[in-house]
There are 2 protein chains.
Amino acid sequence: MARPREFDIDQAIDGAMEIFWRQGFKATNMPYLLMAMGLTRGSFYKAFEDKESVYFKTLEHYDEKVVTTTVAMLEGCTAAKASDCLMPLFSQSPKSGYGCFICNAMVEVAPENPKVAEKTQDMAQRLKTAIKTVLDKRNVGSSSAQRADLADVILHLYFGFQAMGKSGWPHEDWSERLKRLLEETAPA
Amino acid sequence: MARPREFDIDQAIDGAMEIFWRQGFKATNMPYLLMAMGLTRGSFYKAFEDKESVYFKTLEHYDEKVVTTTVAMLEGCTAAKASDCLMPLFSQSPKSGYGCFICNAMVEVAPENPKVAEKTQDMAQRLKTAIKTVLDKRNVGSSSAQRADLADVILHLYFGFQAMGKSGWPHEDWSERLKRLLEETAPA
DNA sequence: CTCGTTAGGAACCGCTTGGTCCCTAATGAA
DNA sequence: TTCATTAGGGACCAAGCGGTTCCTAACGAG
């Protein structure tokens, strides 16, 4: 046929995700993006449509790589206490300082890009569902409706935690807070 | 002396705040900014240093105009239930869709601008203090430490609420959630 | 009225932006 | 070996960026 591609698409997207995640969409210009992806303009525009479409692909990549993993981690958690399963959401990740890509995308890009808005909401929804599963399995609270409500509250806390973290707001220890929220310890 | 200024500085900053708040820093270019402020390039650079310094001034303006008002509203609230005082934080404001300027700034600008990071944290801190005052006055929970913790949780919920709102995440009714959080109704 | 001073505003600046073009290199099928 | 096809990569592009310059207009002090 013809000359084969010299780079791995998935690996390039991974590099793009890294820099979009860290810097946001507008702050990442083509030179930076190309460097992060490890390719030159020619290869980029041969393989992809444009900067915006790659941004969306990085969201999908984040979904497959991070969200799916997190959901699996939550749903597969065997700890007795729900708070122990949910704590990882409130500790600094290895990518700490980046914040959460979903949160960044929601604030920076979603308002002017319906596809991104939909995608971020979809990912958030899946996280919420996973959180609810954690609560359901352990029979937290008194009803499914209450657990759904609680899952939504925890989801909002998570995004608040991520948003505030980007300004350097000091990370408290959230384990006690979660326990209290889930009524796993008697409120003193 | 000399020719007097034809526009009102504070009013111009107010227009700038409006557009920075709605669109963010990078997405707002000079033509848009000038239109929002109601002046031309010449007047702009006579009166202000540059785009970035005006952005910071809009943060200060937001502080004086919105944060201060909100803090006063919280601290002056006479309702018996804390949740009734805090509910306004979780309803759509007239500027709904803009999100919260502090949250936007934390996510978009703070990571690469220490002055902005500090300013946003300061405003968040003042909101937190006001929330704690609301809780203290009504003796929510069992200790000052617990109320401080709860105030921080509510603050995080608020930012999560604002961040997610920017993607169009549907606004639930938060009054019941707040009541539950503050243990104003017996957990069923 | 005169004149020094400052605001207003348009033209202009160098630079960066995202994206295209086009030539060359590398490949596999015939 | 030949050749059609596609990747790689640098040069190039128009448009937009934030910011400056400079001329004119409008004022107030004298």
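FYI, side chains are in, hydrogens and waters are out, and symmetry mates aren't considered; it's all heavy atoms of this structure. Reminder, nothing fancy here: chain letters follow the sequence lines and each chain counts from 1.
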Revision key, fill the gap. Comparing A:E6 with B:S43, nearest DNA chain C nucleotide closer to 5' gives the residue B:S43
Check your understanding: Does atom CD of B:E118 have more than 12 heavy-atom neighbours from other groups under 6.0 Å away?
Key -> no
Check your understanding: DNA chain D: B:K26 or B:G42, which has the more 5' nearest nucleotide?
Key -> B:K26
Point to revise | 5′-ward residue of the pair A:P4/B:M30 relative to DNA chain D | key: A:P4
Review point. With a distance cut-off below 6.0 Å to the six-membered ring centre and an angular limit of 45° from the axis, does B:K115 pair with B:F56 as a cation-pi contact?
Key: yes
May I have the distance from [X] (atom [atom1]) to [N] (atom [atom2]), rounded to whole angstrom?
X	N	atom1	atom2	value
B:M37	C:dG8	CE	P	12 Å
A:F48	C:dG18	CZ	C1'	16 Å
B:L39	C:dT6	CG	C1'	16 Å
B:F7	C:dT6	CZ	P	15 Å
B:M35	C:dG9	CE	P	14 Å

**Study point:** Candidate nucleotides C:dA25, C:dG19, C:dT5, ranked by approach to the side chain of A:R41 - the nearest
**Key:** C:dG19
**Study point:** Start and end of chain A contact along DNA chain D [non-hydrogen atoms, under 4.0 Å]
**Key:** D:dA4 to D:dA11
Check your understanding: Counting any heavy atom closer than 4.0 Å, what does B:K51 reach on the DNA or RNA strands: base, sugar-phosphate only, or nothing?
Key -> sugar-phosphate
Check your understanding: Looking for any heavy atom pair under 4.0 Å, which part of the strands does A:R5 touch: base, sugar-phosphate only, or nothing?
Key -> sugar-phosphate
Point to revise | Geometric class of the A:F25/A:Y55 ring pair [parallel <30°, tilted 30-60°, perpendicular >60°] | key: perpendicular
Practice item. For the pair B:E49 and B:K57, find out whether any cationic side-chain nitrogen is under 4.0 Å from an anionic carboxylate oxygen. Key: no
Practice item. Would you please name every residue forming a salt bridge (charged side-chain N to carboxylate O under 4.0 Å, His left out) with A:K51, sequence neighbours left out? Key: none
Point to revise | Distance (rounded to the nearest 0.5 Å) between A:L34 CG and A:N29 CG | key: 9.0 Å
Review point. Counting only side-chain N and O atoms of A:Y45, is one of them less than 4.0 Å from OP1 or OP2 of C:dG19?
Key: yes
Review point. With a 6.0 Å cut-off on ring centres, are B:H171 and B:F161 close enough?
Key: yes
